[in-house]
Amino acid sequence: MPRLSIEVQGVVQGVGFRPFVYRIAHLHGVTGWVRNRPDGVEIEIQGPRTVLDEFLVSLRKDRPAPARIERIATCETIEQAGEASFAIVASGHSAETRPSVPADLAICPECAQELDTPGDRRYQYPFTNCTYCGPRYSIIEGLPYDRPKTSMKGFPLCADCLREYQDPLDRRFHAQPVACPVCGPQLRLTDGHGVAIAAKVAALVGAADALASGAIVALKGLGGFQLLADATSTGAVARLRQRKRREEKPFAVMFQTLAALKRDCDVSEAEARLLGSPEAPILLLKRRDGGTVAAAVAPRNPHLGAFLPYTPLHHLLLAAVDRPLICTSGNISEEPMAIDDADAFERLREIADVFLLHDRPILRPVDDSVVRLEAHGMNVLRRARGYAPLAHPVPSQAPPILSLGAHQKNTIALLNRGQAVVSQHLGDLHSLQGAQLLERTVEDLLKFFATRPEILACDLHPDYASTRLAERLAVQWQVPLVRVQHHHAHVAAVMAELGLAGPVLGLAWDGSGFGLDQTLWGGEALRVDAKGCQRVGHLRTFPLPGGDRAVKESRRSAAGLLWELSGATGPVDNLYTASEQPLLHSMLERGLNTPRTSSIGRLFDAVAALTGIRTVRGFEGQAAMELEFAAERASDPEAYPWAFRGEECLVADPAPLIQALLKDLQQGLSVAIVAQRFHRALAELALAWARHADLKAVVLCGGCFQNALLTRLVRERLLNAGFQVHLPVVFPTNDGAISLGQAWVAAQRSLLDS
Ligand SMILES: [Zn+2]
Ligand SMILES: [Zn+2]
């Protein structure tokens, strides 16, 4: 009888792939075996030719939802005599096996079905899961991924669960977190001091009733605590904003079903697939008029961060409340989420009215991922649940490298044996909790991958918590520390992700990062290859009166820019009180606490202030976002002009741009058209730098490219002029990818040195 050897590559480990192969082998009655290999799964099957063909069809078609098959290679092999059955065998070449840490997966359709089926033994059980779904990364203590090394170790399996766990034909065969109402975790409802209010079903009903009456509920979710509130109630939203001290930043909303979500948002087929995928991210969608969600959830914002219930607990709660819920991280401002009960009581007591808890420990914070689908593909704004810490191939012969990232939206990365593992979004490192989480995550990754880094990498900024930790570890481990310029790392991250060797032109546009020349960079054109980075263009620098305060007050960027261009601040003087003006002018005249910047993010701020769209406070990126939304409302082909100077390094001078813009405003042109012309000017700037650099491949990166309109205009302009445009797909364009870029730069340097 014929025998086939099959190699399957892709995401096929930790997603129930071998049990799936076992089941279809039994179904088709073939003999042979399946085992994990370092780079995928290897199968041998033997049987009649037609049956083998059916097996191959089923292998592709019926694969578990979380599995991704990138390649299947088959070849004939020698018939084995006397083989009676099909078996899952131990992994081959265990020394070569690259460990992988599976990501948390959203509840699968089968489990959701059981949840809703009266009489099923897991009917309405909030912690049901199987090989295809459920917690992973958030409950794993160590590898290999087995129940005793998870936070489920304190829940001995009942006889029924054990039978399922041991039966290769069962969907729960070797599902490490398998549980049922008899043996698994349970719910309880408490007040802010842990005093019990209700348990099990009554706890769920109690939480649902609280939400329906406008209360705020702290929910112990999958990867941390979340704050929930009725998204249709203006009062509940206002209460949450006031208690969380979050004035205007949009909240994400969880909808019970796709049908309910479609009442509030436009959803394409591709977007619907992503919403229902095992990763189940928060998706930024276009908001519909007349939806059910209160306007205050995302004020003056045409988009809504929407998602579907991804745990059985969310399913049950949403069904019980029967309305969309705000579902936001359980923290204050940008601190890490609370993951244990005591910490949650401490930090969230003043915000939440009641706490819906369970007794399955969460071992590390894993936030919800945030994604937007754009014309060019996926734009990952926050990479966490469902995606992290899945490894990404980055072929390299370099020794193990650990990089600690930047300061905001931070991640860390481990580059080892041809793959990069980038941690989940860790958030900002301003707080003590943030710095502690950074350190714990370093320990986590090194433990999981049993690696001792031989090189460390960090940012150039001396005061980042990540830089300080890198310096300490470098001394402790006696390894070299590579400091990588922020925007160089931005470009390198995209090169690492897409496997670009360079040279490329990297347009790294963001808020600001520490430059090589004592200024704050952020409007950069960089020529990058394996050897290094050369600055071939930048925005003319301008002063930022007040330094860091300018990030929160766009009027400061406007004042600094006008001062630079004209020596006066006339058009924005009305944004300052009579008592503020002398201080502003003295700062600008004497250059006190007034760093210079070439940041395009700050140029966005300046234009937002000049147009009156946003002048003072707000959340990070708000001014640029509102400028983008304004521009989306207009359609105008014109672009404001630039002046250029310099030979090697082409400096872009926004003087003519600002002049034309002020004239338009004086003449009463609509802010929408002004904003549109400004966006188009930036597309022209990209093209000017691309022509100057004379490199075919252009990489777009940095926080500014979270702006969908800017990305589209720049991309189209460059493509039409014959350039290749590269954007990240798997990793964020913002600082969440800095760690990956640092690791890539350190790897190239180590290879050049050796
Ligand atoms: Zn399942
Ligand atoms: Zn059980």
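Atoms within each ligand, like the ligands themselves, are counted from 1 in listed order. Note that this is a predicted model, so its numbers are computed, not measured.
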**Asked** Within 45° of the axis and under 6.0 Å from the centre of the six-membered ring of Tyr310, does NZ or CZ of Arg385 qualify?
**Response** yes
**Item:** Pi-cation contact, Phe731 with Arg383 (under 6.0 Å, within 45°)
**Value:** no
Rounded distance (nearest 0.5 Å) linking atom [atom1] of [X] with atom [atom2] of [Y]:
X      : Y      : atom1 : atom2 : result
Gln424 : Asn410 : CD    : CG    : 11.0 Å
Glu164 : Leu169 : CD    : CG    : 13.0 Å
Ile139 : Arg147 : CD1   : CZ    : 8.0 Å
Asn379 : Leu373 : CG    : CG    : 9.5 Å

**Request:** Please say which of Leu317, Leu325, Asp322 ends up in a side-chain contact (heavy atoms from CB on, under 4.5 Å) with Gln256.
**Result:** Asp322
**Mutual orientation of the aromatic rings belonging to Tyr22 and Phe86 [parallel < 30°, tilted 30-60°, perpendicular > 60°]** = perpendicular
**Message:** Before we go on, tell me: are the rings of Phe173 and Tyr165 under 6.0 Å apart, centre to centre?
**Reply:** no
**Sphere of radius 2.8 Å around the Zn ion (ligand 1) - protein N, O or S atoms inside** = Cys108 SG, Cys111 SG, Cys130 SG, Cys133 SG
**Message:** For distances below 2.8 Å, what is the count of protein N, O or S atoms around the Zn ion (ligand 2)?
**Reply:** 4
